[in-house]
Amino acid sequence: MPTRILLVGAGAIGAFYGSRLACAPNTAVSALCRSSYKAVKANGFKVTSPNYGDSMFRPEHTFGSPDEAKQAALSWDYLLVATKALPDVNDDSTLLEGLVGPETSIVLVQNGLGVEEPYRKRFPKASILSAVTIASAVQPNHGSITHNRWTRISIGPYLPHLDSGSTTAEPSDDTATQKNSRLVELLKAGGIADAELYDHAGLQFVRWHKIAINAAMNPSSVLSGGTGNQEMSTDPELSRHLLAVMNEVLETAPKVLGKPLPPKLASAERILGSTKKNSSGSKPSMQIDWEKGNRLELEVILGNPIRIARDKGIEMPRLQSMYALLRKAQENREQAKESKL
Ligand SMILES: NC(=O)c1ccc[n+]([C@@H]2O[C@H](COP(=O)([O-])OP(=O)(O)OC[C@H]3O[C@@H](n4cnc5c(N)ncnc54)[C@H](OP(=O)(O)O)[C@@H]3O)[C@@H](O)[C@H]2O)c1
């Protein structure tokens, strides 16, 4: 039997990693699509990449709805969720109802903190793997994926009972750890040489570290009227702001997680330095979503870190100000849209 993987949310990131996993031996990758269903069902995905060239990726099965996927009655080894994380809009864990069997691991390839919790609550017995990627990809048209640069994906089992200092492993921990190693092997076999294996605590640090970048760049671009990454990092006042936001996150993470930040993770100064050199003209995804009138991943990038820290008695004043302003701006925009209907 092949290893069966279903992409739940086969957009830029889901279809990019899906296309690589489909190259691993004895691995069958299917896709649950929404607006891209017709295009993908007819022609599969065309993926262009500076690393892997141009290729076609035809999912084994292409489903147009969760019901259609359920009716296929297949046993999934991995459900790889790569929708945008919008817990204030949808609870995407409901999409997985009827698809999670005893052998199934749920893999969350999404930005933000706290993205795993809705899945853990709905599927308490399933192994959950948490993944953070720095890859840059877009889906300019349905079924077309442009991979721009970087491939790194870091994956660890999500075992939150270990956060409370408990050293008592649960019986399912071994399964999650083994499924995690297997997924990293499959990604490497599919050509992702920098797929990285982490344990639970290590991966949560990687999540906080990515949040330092996302919480600094994403809302600041929207609040400054659409400024690109490099321009923000070279503007005298904005660059001070970015540095201070990143440091706020990197100083909070060890207090929340109860351990020092691993030295291998880049400092705020280093991140800012490399953003200054990045002349690609790129803008953060939140700004691109804002321009399209889409809902923003605000809750997982700003709201959840603030709430997780506050639960431990720690305030994050820079994140809190941006969250309060942007949340209201989004609410006002949604109300204006509704009043035009
Ligand atoms: N793109 C990047 O470079 C990048 C880099 C690092 C991390 N990330 C993170 O990766 C995650 C995914 O981002 P992305 O850029 O890949 O987003 P994306 O291109 O918008 O892909 C999300 C996909 O999920 C689909 N989807 C949403 N709800 C669905 C449903 N109910 N049923 C079926 N499909 C559904 C969307 O379909 P529709 O088209 O119908 O909405 C879309 O195809 C986000 O958390 C993002 O922050 C992205």
Side-chain angles (χ1 to χ4, degrees), residues 6-19 30-41 45 47-50 57 59 61-70 79-99 107-116 118-119 130-155 192 206-207 209-211 213-215 217-219 221 229 278 280 282-302 304:
L6 177 64
L7 309 174
V8 178
I13 286 296
F16 168 65
Y17 283 111
S19 71
S30 296
L32 167 57
C33 298
R34 192 165 60 179
S35 57
S36 62
Y37 171 68
K38 273 192 185 167
V40 176
K41 180 91 182 163
F45 291 96
V47 185
T48 63
S49 163
F57 157 46
H61 300 277
T62 302
F63 303 115
S65 70
D67 275 347
E68 199 188 337
K70 270 173 235 165
L79 296 172
L80 192 147
V81 180
T83 54
K84 292 263 182 181
L86 300 169
D88 47 333
V89 183
N90 307 306
D91 178 355
D92 282 349
S93 69
T94 60
L95 302 173
L96 275 49
E97 290 279 18
L99 299 174
V107 190
L108 299 164
V109 191
Q110 295 177 310
N111 274 334
L113 290 187
V115 295
E116 307 92 346
Y119 296 84
S130 186
V132 175
T133 175
I134 61 153
S136 161
V138 289
Q139 180 172 214
N141 304 298
H142 290 150
S144 289
I145 306 295
T146 307
H147 170 227
N148 295 318
R149 65 189 77 82
W150 303 309
T151 58
R152 192 167 76 223
I153 183 163
S154 313
I155 315 181
I192 306 287
V206 177
R207 273 206 177 276
H209 189 258
K210 182 86 195 283
I211 278 295
I213 304 168
N214 291 143
M217 303 293 172
N218 279 285
S221 178
N229 289 321
N278 183 353
S280 65
S282 60
K283 286 184 178 179
S285 59
M286 193 176 273
Q287 171 57 25
I288 293 164
D289 279 330
W290 182 258
E291 285 167 13
K292 288 183 182 166
N294 292 343
R295 292 290 293 251
L296 310 180
E297 289 184 301
L298 261 190
E299 295 305 327
V300 296
I301 289 177
L302 294 175
N304 283 350

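Given the structure is predicted, the values throughout are model-derived calculations rather than measurements. FYI, the numbering just counts along the sequence from 1. Just so you know, ligand 1 is whichever comes first in the structure, and atom 1 is the first atom listed for that ligand.
- Here Phe57 pairs with Phe45 under the ring pair (Phe, Tyr, Trp, His ring centres under 6.0 Å) rule; sequence neighbours left out.
- Enclosure of atom CZ in Arg152 is not indicated, since only 12 or fewer non-hydrogen atoms of other residues, nucleotides or ligands lie within 6.0 angstrom.
- Residues satisfying the side-chain contact (heavy atoms from CB on, under 4.5 Å) test with Asn214, not counting sequence neighbours, are Asn111, Lys210, Asn218, Ile301.
- Between Lys70 and Asp67, at least one side-chain N (NZ, or NE/NH1/NH2) sits under 4.0 Å from a carboxylate O, which counts as a salt bridge.
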Distance dump, ligand 1 polar atoms to protein, N/O, under 3.5 Å:
| residue | atom | partner | partner atom | Å |
| --- | --- | --- | --- | --- |
| ligand 1 | 1 (N) | Ala137 | O | 2.9 |
| ligand 1 | 3 (O) | Ala135 | O | 3.3 |
| ligand 1 | 3 (O) | Ala137 | N | 2.9 |
| ligand 1 | 3 (O) | Ala137 | O | 3.3 |
| ligand 1 | 16 (O) | Ala12 | N | 3.3 |
| ligand 1 | 16 (O) | Ile13 | N | 2.9 |
| ligand 1 | 19 (O) | Ala12 | N | 3.0 |
| ligand 1 | 28 (N) | Arg34 | NH1 | 3.4 |
| ligand 1 | 39 (O) | Ser35 | OG | 2.8 |
| ligand 1 | 40 (O) | Arg34 | NE | 3.0 |
| ligand 1 | 40 (O) | Ser35 | N | 3.0 |
| ligand 1 | 40 (O) | Ser35 | OG | 2.7 |
| ligand 1 | 41 (O) | Arg34 | NH2 | 2.9 |
| ligand 1 | 45 (O) | Asn111 | N | 3.1 |
| ligand 1 | 45 (O) | Glu297 | OE2 | 2.7 |
| ligand 1 | 47 (O) | Asn111 | ND2 | 2.9 |
| ligand 1 | 47 (O) | Glu297 | OE1 | 2.6 |

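- Two residues are said to be in side-chain contact when any heavy atoms from C-beta on lie closer than 4.5 Å; Leu6 and Phe63 meet this criterion.
- Here Ser282 pairs with Asn229, Asn278, Ser280 under the side-chain contact (heavy atoms from CB on, under 4.5 Å) rule; sequence neighbours left out.
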